Amino acid sequence: MDEDRAVALVAAFAALAGREIADAEARATVAHSRALSPGAANAIWGRLRQAPGTVSLRDYLAMTLRFVEQEPPTR
């Protein structure tokens, strides 16, 4: 997914979560999502499952974008 589409999608996810974010925050979230190591992503995912209220909006949005950008599983 190209950068501008990812930024728009992150902003839409934030709106669905009840928050409006600026373009700069959406771009920072896209960069964060793409820079997450597998270990960091797993740690965030674990916190999302156990205590969602402890996860920052940026981490939540970054993980959501990572999920959407994944290739579909092959059969």
Side-chain angles (χ1 to χ4, degrees):
M1 175 179 318
D2 69 57
E3 177 93 7
D4 290 333
R5 181 161 168 74
V7 167
L9 195 54
V10 165
F13 291 152
L16 287 171
R19 288 266 318 270
E20 296 296 321
I21 60 173
D23 185 68
E25 179 67 19
R27 288 187 184 283
T29 300
V30 170
H32 176 53
S33 174
R34 293 179 175 167
L36 282 173
S37 69
N42 284 336
I44 293 167
W45 180 249
R47 286 193 346 254
L48 274 168
R49 290 181 56 215
Q50 293 179 343
T54 67
V55 177
S56 72
L57 179 63
R58 185 179 289 183
D59 282 346
Y60 173 76
L61 294 173
M63 290 303 298
T64 303
L65 181 62
R66 280 178 72 102
F67 178 76
V68 169
E69 287 187 315
Q70 284 183 350
E71 293 292 322
T74 58
R75 291 185 173 182

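As the structure is a prediction and not an experimental result, all values here were calculated from the model.
Remark: Asn42 CG to Met63 CE distance equals 7.5 Å, nearest 0.5 Å. Rounding to the nearest 0.5 angstrom, the gap separating the CG atom in Leu57 from the CZ atom in Phe13 is 12.0 Å.
When the salt bridge (charged side-chain N to carboxylate O under 4.0 Å, His left out) test is applied to Asp2, no partner is found at least two apart in sequence or on another chain. Judged as a salt bridge (charged side-chain N to carboxylate O under 4.0 Å, His left out), and not counting sequence neighbours, the contacts of Arg34 are Glu3, Glu69. When the side chain to side chain donor-acceptor pair (under 3.5 Å) test is applied to Asp23, the partners found at least two apart in sequence or on another chain are Arg27.
For residues 13-22, no pair satisfies salt bridge (Lys or Arg N to Asp or Glu O under 4.0 Å), with sequence neighbours left out. Under the salt bridge (Lys or Arg N to Asp or Glu O under 4.0 Å) criterion, the residue pairs touching residues 54-64 are Glu25-Arg58, Arg47-Asp59, with sequence neighbours excluded.
Closest of all the heavy-atom pairs between Ala14 and Leu61 is N-CD2, 3.7 Å. Scanning both residues, Ser33 and Ala62, for their nearest heavy atoms gives OG-O, 3.1 Å.
Among Thr64, Val68, Asp4, Val30, the single residue meeting the side chain to side chain contact (heavy atoms under 4.5 Å, CB included) criterion with Leu9 is Val68.
Arg66 places no side-chain N or O within 3.5 Å of a backbone atom of Ala41 that could act as its donor or acceptor partner.
The shortest side-chain heavy-atom distance between Ile44 and Leu36 falls under the 4.5 Å cut-off.
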